[in-house]
*Asks:* 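Just dropping this structure here.
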Amino acid sequence: MSLLPRTAEEFSSADYWERFFRKRGEKAFEWYGDYNSLCGVLHKYIKPRDKVLVVGCGNSELSEQLYDVGYHQLTNIDISETVVSHMNQRNAERRPDLTFQQLDATQTGFENGSFQAALDKGTLDAMASEEDGALAGRMLAEVGRVLSVGGRYVCVTLAQEHVIKLAVEHFAQGWAVRIHCLGGQQKEESDSSFALPVFVLVCTKFRQAPPFAVLELCQGEDGAPTRLASVPELLSAVKERQAYNLMLHKLRGGTDASSTPSLTLCHAATGRPRYTLTVQDSLPSAKLPRSNHFAIFIVPQGRESDWLYGSAEGRTQLASSAKFRRLVIVAMHRDQEYEDMQAVQSELSPMVTELAPPGMPANQQVPFLSVGGDLGWREVIGRGVSALTGEYSVEDVRGEDGHLYRRLIFMNNSQLVQSESRLRSAGTAASAHKKKNKKKSKPSVSDAPALTRVKDRIVDRGFLCCIHHEVMVAGLAMLGMDAINNKDHPVSVLLLGLGGGGLPQFVHDFVPCARVEVVELDPAVLEVAQTWFGFQTDERLNVTLADGLEHIKTLESEGGHSFDVIMFDVDSKDTTLGMSCPPPAFVETSLLKKVYSLLTPRGLFMLNLVCRDSALRKSVLERVQAVFPCVFSRGIEGEVNEVLLCCRSSGEGHKPHTIPQTLQQTAKDLQKTLRANTQTAPCVPQIDITAMLNDLKVI
């Protein structure tokens with residue numbers, strides 16, 4: 001039978017404690033740790049000469065142990081008559097000056113300022129659930145009354161949210177509040193062990209209230225105090241420590257490949273995020289070397305959003321390749337400086353060893369793994385705030401291929417690259433033209449531009465970083481070369497979603513005489529594209545700042561508008577949906593019909609679809625097929641993305657069941673046309689049209 005309270009209310013009940021102590025008898029129950037685990041912090045704040053009020057003493061041995069090391073002015077009070085009688089009898093001979101009194105902690109009857117310290121181990125936790133916290137509030141007020149100026153209320157607590165909030169808010173004005181996190185107490189008895197860490201709340205009484213709140217948090221008994229600006233910040237910091245200890249408790253219990261807990265380590269001085277750690281366990285069936293228990297993998301700076309590191313599937317593959325029972329994957333944060341790999345290892349070693357799997361030998365060496373042995377490279381070159389999506393960062397990073405890339409990151413989803421363009425130095429333009437007849441291949445590290453000044457790095461407008469953008473460009477082959485080369489009636493494109501502007505700029509630069517209209521909701525995105533991604537408008541490329549849905553409806557209702565191609569490349573801000581691109585409203589049947597009516601007879605509708613929910617994907621495809629007679633799909637290897645190419649006309653009056661035989665030749669002709677147009681473009685198009693259409697499937 002468990003001796004722990006079954007409910008919070010029972011925990012604070014006087015009747016419960018009467019029954020509890022009668023059953024427990026002589027065996028002292030150290031509720032939140034014993035003297036050995038608490039003495040360091042207690043001796044720091046309570047001196048042997050102090051007159052100390054021990055609130056809710058119970059039958060704990062703590063007062064007896066303090067007495068034995070020189071604390072002889074202890075006054076112990078408890079609500080239980082049984083425990084008071086028992087403790088007085090137990091100490092009558094050995095500790096004659098150690099007194100126990102049956103008193104109500106909310107009305108002690110002691111004189112004002114009669115104690116230099118008040119010690120509370122779990123009593124606040126017990127009382128906080130009574131009367132919606134009113135009982136505990138009266139106890140804290142009574143403690144404040146009996147303490148002298150400079151006196152300290154020292155409370156050992158598990159810091160449940162409602163408990164610590166009540167106490168901190170009570171003392172925040174006129175007192176200094178400091179909280180020590182001591183770590184979880186490990187007990188032999190399963191029903192008295194706590195995954196939660198034990199905290200010690202220390203509140204010091206001032207003669208006169210300071211002009212600002214004094215709120216501090218310390219790690220361990222001797223940790224340097226970190227000053228917090230507000231009560232909510234302090235409570236949040238406490239909750240983070242609890243979450244961390246709960247995670248440790250779970251990780252020490254076993255390995256679980258399906259669970260990938262993560263935590264963020266912050267810079268001690270600034271409080272800003274410095275590292276994010278994700279724990280990835282190998283599958284139980286994995287064949288691993290017996291000595292490969294645990295390793296740390298350092299993700300190169302700027303690469304944390306790569307599929308291998310930023311997705312659950314990628315991290316699982318990384319752990320499988322590393323062949324360790326547990327791999328901790330460490331991502332470094334922007335706005336932080338890192339000296340070198342050795343410095344990072346030294347900084348992380350004390351913390352990450354706590355995450356080791358159970359059963360690892362005590363003296364096991366933990367290897368640090370990385371790509372190429374360096375930390376990678378990232379430079380934040382721009383910042384701003386969008387009224388629609390919040391803070392954003394523009395940063396240059398070095399990719400796996402050694403080239404530099406420019407990325408737009410919205411900080412509300414910092415693991416997602418919103419837009420990306422490859423960079424080149426201004427001096428490589430001439431050499432790029434010399435290579436224009438060569439087949440596109442994976443660039444080597446030696447081709448990468450040097451780490452020049454920001455102003456010397458320019459966007460390579462001939463290189464599309466996103467494969468779905470390449471597929472959309474390749475899809476233009478479905479229009480036929482007569483349409484693409486017709487300068488009297490040039491190809492007209494309506495694109496919803498600007499991003500960094502790479503896709504519309506590419507179409508403008510390399511498709512002869514193409515006219516592109518872009519609709520973008522966020523003015524900040526347009527500013528970023530023009531400032532940092534080389535996006536340039538002219539008479540053939542313009543941007544309308546508007547809601548894409550409303551713009552489609554307006555064009556359709558006005559009449560007289562038609563486009564050869566309409567592209568949707570719009571992401572959803574609602575992360576709870578199973579479809580992240582586009583938002584659901586963009587694939588409603590009513591809107592799809594409007595898109596259909598805006599297309600020329602030869603027209604194409606291109607949709608970037610990112611849908612993890614199979615039922616939702618099926619529904620979207622059914623709606624698209626109900627409107628368009630001919631629908632093709634091109635999946636993106638290693639990603640959830642697929643591009644739907646939807647023809648307004650099937651060409652032969654019925655739905656085809658195969659890819660048009662002429663498409664391959666048209667793809668080759670389009671490739672030649674794009675390259676031929678480089679004489680007026682700033683760089684060379686680096687795209688393989690045929691490859692982009694090879695895996696096309698009929699839906």
Side-chain angles (χ1 to χ4, degrees), residues 300-306 332-340 371-372 374-384 391-411 417-438 440-466 469 498-506 508-510 524-538 541 675 677-687:
Q301 292 183 85
R303 301 273 305 283
E304 57 278 343
S305 58
D306 288 8
M332 294 171 281
H333 281 248
R334 53 186 56 81
D335 298 330
Q336 294 285 324
E337 293 184 2
Y338 305 91
E339 184 179 345
D340 54 30
V371 177
D374 66 20
L375 298 178
W377 178 84
R378 166 176 33 214
E379 181 181 355
V380 176
I381 62 171
R383 294 181 181 285
E391 295 183 29
Y392 63 80
S393 172
V394 180
E395 49 199 52
D396 291 351
V397 303
R398 187 170 63 234
E400 182 181 8
D401 57 11
H403 277 285
L404 300 189
Y405 292 85
R406 181 159 294 166
R407 293 174 172 176
L408 170 62
I409 310 285
F410 284 111
M411 306 316 293
V417 176
Q418 187 72 24
S419 297
E420 183 175 35
S421 292
R422 198 171 80 179
L423 301 175
R424 60 184 175 88
S425 59
T428 62
S431 61
H433 278 279
K434 291 178 182 178
K435 298 178 183 178
K436 69 180 182 180
N437 293 319
K438 291 188 177 181
K440 179 183 174 183
S441 61
K442 183 177 179 180
S444 66
V445 174
S446 61
D447 294 327
L451 300 182
T452 54
R453 296 172 298 176
V454 174
K455 68 177 184 179
D456 295 326
R457 303 174 207 144
I458 60 175
V459 168
D460 185 346
R461 284 161 47 171
F463 186 88
L464 293 170
C465 289
C466 299
H469 284 171
L498 173 63
L503 175 59
Q505 191 74 64
F506 188 98
H508 166 274
D509 290 349
F510 301 111
V525 170
L526 175 58
E527 181 182 358
V528 167
Q530 293 175 323
T531 304
W532 297 110
F533 287 85
F535 181 69
Q536 297 175 328
T537 58
D538 60 19
L541 175 56
R675 289 195 173 276
N677 208 42
T678 59
Q679 298 302 322
T680 58
C683 47
V684 178
Q686 299 168 64
I687 183 172

*Asks:* Shortest non-hydrogen contact from Gly500 to Ser419?
*Replies:* N-OG, 2.9 Å

*Asks:* Using only atom types and a distance under 3.5 Å, with no angle test, would you say the side chain of Gln505 pairs donor to acceptor with the backbone of Gln536?
*Replies:* yes

*Asks:* Under 4.5 Å between any side-chain heavy atoms of Val459 and Leu423, yes or no?
*Replies:* yes

*Asks:* Kindly say whether Pro300 contributes a backbone atom to a donor-acceptor pair with the side chain of Arg398 at under 3.5 angstrom?
*Replies:* no

*Asks:* Could you give the distance from CG (Asp460) to CZ (Arg424), rounded to the nearest 0.5 Å?
*Replies:* 5.5 Å

*Asks:* Any Lys/Arg nitrogen of Arg407 or Glu395 sitting under 4.0 Å from an Asp/Glu carboxylate oxygen of the other?
*Replies:* no

*Asks:* I'd like to know if the side chain of Glu304 and the backbone of Gly302 have a donor-acceptor N/O pair within less than 3.5 Å.
*Replies:* yes

*Asks:* When you look at Tyr338 and His333, which way does the side-chain contact (heavy atoms from CB on, under 4.5 Å) test go after all the steps?
*Replies:* CA-CA 10 Å; Tyr338 305 91; His333 281 248; 4.2 Å; yes

*Asks:* Which heavy atom of Leu464 sits nearest a heavy atom of Gly502, and at what distance?
*Replies:* CD2-O, 3.7 Å

*Asks:* What verdict does the side-chain contact (heavy atoms from CB on, under 4.5 Å) test give for Arg383 and Met411, after you've listed the backbone C-alpha separation in whole Å, the side-chain angles of each residue and the deciding distance to 0.1 Å?
*Replies:* CA-CA 10 Å; Arg383 294 181 181 285; Met411 306 316 293; 5.7 Å; no

*Asks:* Can you say whether the rings of Phe510 and Phe506 are parallel (under 30°), tilted (30 to 60°) or perpendicular (over 60°)?
*Replies:* tilted

*Asks:* Measuring only between side-chain heavy atoms, which start at C-beta, is His508 closer than 4.5 Å to Asp538?
*Replies:* yes

*Asks:* Could you report the tightest heavy-atom contact between Trp377 and Glu379, atom names first, then the distance?
*Replies:* CZ2-OE1, 3.5 Å

*Asks:* Taking atom CZ of Arg422 and atom CD of Gln686, what is their separation to the nearest 0.5 Å?
*Replies:* 5.0 Å

*Asks:* Is any side-chain heavy atom of Ile381 less than 4.5 Å from a side-chain heavy atom of Asp396?
*Replies:* yes

*Asks:* Looking only at heavy atoms, which two atoms of Arg406 and Trp532 are closest? And how far apart?
*Replies:* NH1-O, 2.8 Å

*Asks:* Got more than 12 heavy atoms from elsewhere within 6.0 Å of CD, Gln336?
*Replies:* yes

*Asks:* Between Ser425 and Ile458, which heavy-atom pair has the shortest distance, and what is it?
*Replies:* C-CG1, 4.5 Å

*Asks:* Verify side-chain contact (heavy atoms from CB on, under 4.5 Å) between Leu498 and Phe535, making sure each step is shown before the conclusion.
*Replies:* CA-CA 10 Å; Leu498 173 63; Phe535 181 69; 3.8 Å; yes

*Asks:* Between Phe533 and Leu408, is any pair of side-chain heavy atoms under 4.5 Å apart?
*Replies:* yes

*Asks:* At what distance, to the nearest 0.5 angstrom, does CD of Gln301 lie from CG of Asp374?
*Replies:* 9.5 Å

*Asks:* Do Val397 and Arg303 have side-chain heavy atoms sitting under 4.5 Å apart?
*Replies:* no

*Asks:* Please find the pair of heavy atoms, one from Val525 and one from Gly499, that lie closest to each other, and give the distance.
*Replies:* CG1-O, 3.3 Å

